[in-house]
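A short write-up of the structure that comes next.
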Amino acid sequence: MILRYASFGPRSLPGFRAPSSFIRPVLAPRYPRLIPKPTHRAWESTTTGEGKTGHIEAAPNEAILWIDNLFPLRLSGLLRVPWGSPDQDLSELMKKFENSTLGVLDPINLVKRAIPKTAPVKVTEILPRLKDGGAFVKFTYPADVSAKEIEAIVTKYLQEKPVRPFFSPWRGVQAGLVQGIPWLEDLHRFPKDRLRVEFVPKNPGEEAVELSQETMYSLFRRYGKIAEITSQPWDSKVLPRYAYVDFAFVRDAIMARNCLHGFVVPEELGGGKLGTRLRMSYEQRANPHRIWEWISSHPRIVIPVIVALLTGLTVIIFDPIRSFFVKSHVTQKFRLSNSRLYRWLRKQTSDILSFRREKADQAGLNTVWTHRKDLIDQIQKWLMETAETFIVVQGPRGSGKKELVLDQALKGRSNVLVIDCKPIVEARGESATIKQMASAVGYRPIFSYANSISSMVDLAVQSTTGVKAGFSETLESQLQKILQTTAAALTDIGVSSRDKHDPDASLPADAYLEAHPEKRPVVVIDNFLHKGDSNAIVYDKIAEWAAALVQSNIAHVIFLTTDSSYSKSLSKSLPDRVFRQVALGDLSLDVAKRFVLSHISTPEEQPEGTEASAEGREKQPQAPTLPDLSELDECIGTLGGRLTDLEFLARRLKAGQSPKQAVAEITEQSASEILKMFLLPGKTTDDGEHKWSVEQAWYLVKSLSSAEVLRYNEVLLHGTFANSTSTPNPESALEGLANTELITIKSNNGRPGLITAGKPVYQAAFKLLAQDPVLAAKMDLAVLGELAKVEAKTIEKVEAELALLGGLPKQPAQMSGRLTYLLSKLESSQKKIDGYEREMGALKKVLSNQS
């Protein structure tokens, strides 16, 4: 979008003309309105030069000046408009210059002011370049004056009397002599501060010379400050050869390009014998981004710093939120059941929405709590003392450990945190384990899925940089983070009731809680050591955290466990402490009978005195008649004192069954469970850590059906355990069966001594299973087959050794004892196999005859 203005000298420009002697008539119009004059327009498009060749021709006595800083460079954006012609846009933009009065803001005024009146020049054309922010001015000069002298005159004049446009108050108009052949193109190539200077031959076929940086500096420095000159790498195969010239300002690069494009460097300036032509173009210079380059080049330093910053940001933002949710979870502050409205509604509707079963259950449990009142008082007494140790409540499943602690010993306390280890240990995968642990303590928000994403990012960073980023965290570290936040929240809960007027209000939190043990929160860890040693890292972390709580006087910790060997795990965390233990067993027969009777004989309390209540009683169905309880003593002796089994019996008795019928159904159900879980082939024979066989389970069932107690070591020495081919570790098999509650191992002086049934009702179930001839024959056949395999392997080993000894060339006398031993052992094993075969034959007949 470049327009040309033709004239005959500086005075012929608009406003430069001398006053004319021609006097216009008074009534003649100043400007024609309808018929334009046939003369040429002052501004004509020269976007692509004369004849649209892209170049400007100059006569022998003509030269071209580049006048810079006439237009703002921002106007070059107008050339990007895709729906209009740049020539038309500029023609419309410059129409006002045709009859201009040369105001201060007129670009033509700047051209007139830039050329001194004393300069011996005659302007013939002005070619504005809106894209470059200036204009080419073609002029003629006398033969006795050179073009360089005229350039010096104009330059000196602009230095003495700078001409500054309104849009650039700090940089004035500058002028430079065009020494080359400028290229007037209308491409979408806009000025940049970097010039790519290519060295091409003067004429096609000739040879060009690559200029040195010193030569290029001497050529380009006159146009402005040069930031850098970069030569083409010596091993580059790109032709033609080139160099980069980086200017400090874009307008300096524009002036250099418009003045030197197409300039032929002569031999005396280093251009070679034939001369070298300079061909220039703008090039986008990549920003240095030194900070990013340093970051990308030092990953071993940057990545750990970024991880530390992200961790710190996470702590600052999320830790207070998570601590708030943990406090709310422990204190149950926002639970609906604790609101006044809910309690009022429940109180008002308690007579209408009463449930007989709940009252009966509560009445039955009251009998148990009355029997265990001393244990409840002991736990409450321990909670009022300052002792840096654990309280451990141990007992079999169904013995009422959780109800004893939560419903009785901790009744009325609002600062109790219950952590159930069972869902945490049974969770599949690290993400699920973290999610369950966070849910148990109320730790949220939790981004469990982010652990796998962080692991992949960490792996990618490590594979590319060789440094472990540390984005991913191990299960141990994440559990530690959750438990630390919980400990901090428990500390705040403990001191939340402290008043600033208290005499010890100035004490630190741990000292205050040490002086007031009754204000410490209570942490109840249920199902500790569930599934034995599986997922031991969870139990270890919980035990270490619990030890830190009691040693720092933050909270009391109560463990509920069914494992009698809990001391081995807890002693790792508190090796120098004696635990306070409460052992819960089965109820005595007298208490068990009272528990059942209180369940089934509780009268239904109903409101009286109103017609509505009377109508309600009429509509309710009659309760079933209670059966004869004369057989209850014998039946309770069969079930024992396990709390869950007694509740089951009481419900059946309330349903109208007789005690014997109810016990028989409970026994059959237990036998069916044992059969499905332990005795059917193809079932699971491990608990994740310990492995046993079906034959070993049947041996225990059969042995305990005839004897209530088995000696531990006697069981280990039996062939089913000692010589098992599928489970070589007999002690591990017994521990696994004890974890699944098929049996109970009782200790004697700290070592396993006796084996009993897992529950009292299992004793009757074992007898029921052993009395089944088909099942007994099938399982005995499997046991005998296992024993026969053991003896067959023994014979195989003996025969191999005898063959080895028989291959010796001589039979020394010292071998006679060994040979006798091997032969006797061979004979003994063969006799055992014969006996097993006879027994197996008899059992097969039983199986074939029985249905």
Side-chain angles (χ1 to χ4, degrees), residues 319-320 322-333 375-393 404-406 408-419 440-443 479-526 528 539-561 566-567 569-582:
D319 270 21
R322 290 164 174 165
S323 179
F324 169 78
F325 280 111
V326 172
K327 295 176 187 177
S328 302
H329 177 78
V330 175
T331 59
Q332 301 180 2
K333 184 177 181 180
L375 300 179
I376 298 172
D377 294 340
Q378 183 65 51
I379 294 175
Q380 292 177 341
K381 181 180 178 182
W382 286 339
L383 295 177
M384 300 297 293
E385 298 176 357
T386 302
E388 299 178 359
T389 187
F390 300 140
I391 300 175
V392 184
V393 180
L404 174 73
V405 173
L406 296 179
Q408 299 301 315
L410 302 178
K411 186 176 182 180
R413 296 184 72 114
S414 60
N415 54 354
V416 178
L417 173 62
V418 181
I419 300 177
V441 299
Y443 182 92
L479 292 177
Q480 185 72 22
K481 184 188 299 184
I482 294 173
L483 295 176
Q484 285 179 353
T485 304
T486 306
L490 292 174
T491 304
D492 294 340
I493 293 173
V495 299
S496 60
S497 60
R498 179 172 55 176
D499 189 80
K500 62 181 180 180
H501 300 294
D502 291 343
D504 50 2
S506 60
L507 292 176
D510 55 347
Y512 177 81
L513 293 176
E514 183 179 5
H516 299 275
E518 73 281 357
K519 295 186 177 182
R520 299 183 200 170
V522 180
V523 179
V524 179
I525 301 175
D526 192 16
F528 186 70
Y539 294 125
D540 292 341
K541 280 297 168 185
I542 291 178
E544 293 173 3
W545 174 68
L549 292 181
V550 297
Q551 288 178 333
S552 303
N553 299 311
I554 295 176
H556 300 286
V557 180
I558 302 176
F559 285 93
L560 308 181
T561 180
Y566 62 86
S567 59
S569 178
L570 294 180
S571 296
K572 298 178 183 178
S573 304
L574 285 178
D576 55 346
R577 296 289 190 276
V578 178
F579 304 137
R580 294 179 167 178
Q581 307 174 18
V582 173

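From Trp545, atom CH2 reaches atom CD1 of Ile525 across 6.0 Å, with rounding to the nearest 0.5 Å. Taken to the nearest 0.5 Å, the CG atom of Leu410 stands 8.0 Å off from the CD atom of Gln380. For the atom pair Ser567 OG and Leu574 CG, the distance stands at 12.5 Å (nearest 0.5 Å). Atom CD of Glu518 and atom OG1 of Thr386 lie 8.5 Å apart (nearest 0.5 Å). Between Lys572 atom NZ and Tyr539 atom OH the span is 13.0 Å, to the nearest 0.5 Å. Expressed to the nearest 0.5 Å, how far CG of Asp377 lies from CD of Gln408 amounts to 10.5 Å.
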Evaluation steps, side-chain contact (heavy atoms from CB on, under 4.5 Å), between Val393 and Ile379: CA-CA 9 Å; Val393 180; Ile379 294 175; 4.2 Å; yes
Residue pair Tyr443, Lys481: steps toward the side-chain hydrogen bond (donor to acceptor under 3.5 Å, both in side chains) verdict: CA-CA 10 Å; Tyr443 182 92; Lys481 184 188 299 184; 5.7 Å; no
Test log, rule side-chain contact (heavy atoms from CB on, under 4.5 Å), inputs Arg322 and Asp319: CA-CA 5 Å; Arg322 290 164 174 165; Asp319 270 21; 4.1 Å; yes
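Under the 3.5 Å distance criterion, the side-chain polar atoms of Ser323 are left unmatched by any main-chain donor or acceptor of Pro320. Remark: side-chain polar atoms of His556 are paired, donor with acceptor, to backbone N or O of Pro517 under 3.5 angstrom. In this structure, the side chain of Thr486 engages the main chain of Ile482 through a donor-acceptor pair within 3.5 Å. Under a 3.5 Å cut-off, the side chain of Arg498 and the backbone N or O of Leu507 do form a donor-acceptor pair. Of the possible polar contacts, one joining the Arg520 side chain to the Leu513 backbone as a donor-acceptor pair under 3.5 Å is found. Counting only distance, with no hydrogens or angles, the side chain of Thr389 and the backbone of Val578 share a donor-acceptor pair below 3.5 Å.
Closest approach of Thr561 to Phe528, counting heavy atoms only: OG1-O, 2.8 Å. Nearest heavy atom pair, residue Leu417 against residue Ala440, reads CD1-O, 3.8 Å. Across every non-hydrogen atom of Val392 and Phe579, the tightest pair is CG2-CB, 4.3 Å. When every heavy atom of Val416 is checked against every heavy atom of Arg413, the shortest pair comes out as CG2-CB, 3.8 Å. The two residues Lys381 and Glu385 have their closest heavy-atom pair at O-CG, 3.4 Å. Minimum interatomic distance between Pro521 and Ile554 (heavy atoms only, all atoms of both residues): CD-O, 3.3 Å.
With a 4.5 Å cut-off on side-chain heavy atoms, Leu383 and Ile391 count as touching.
Residues satisfying the ring-ring contact (aromatic ring centres under 6.0 Å, His included) criterion with His329, sequence neighbours excluded, are absent altogether. Remark: Asp510 engages no residue in a salt bridge (Lys or Arg N to Asp or Glu O under 4.0 Å) (not counting sequence neighbours).
For the pairing with Phe390, the side-chain contact (heavy atoms from CB on, under 4.5 Å) check across Ile558, Val550, Leu549 returns one residue only, Val550.
Applying the salt bridge (Lys or Arg N to Asp or Glu O under 4.0 Å) rule to pairs touching residues 541-556 yields Glu476-Lys541, Lys541-Glu544, sequence neighbours excluded.
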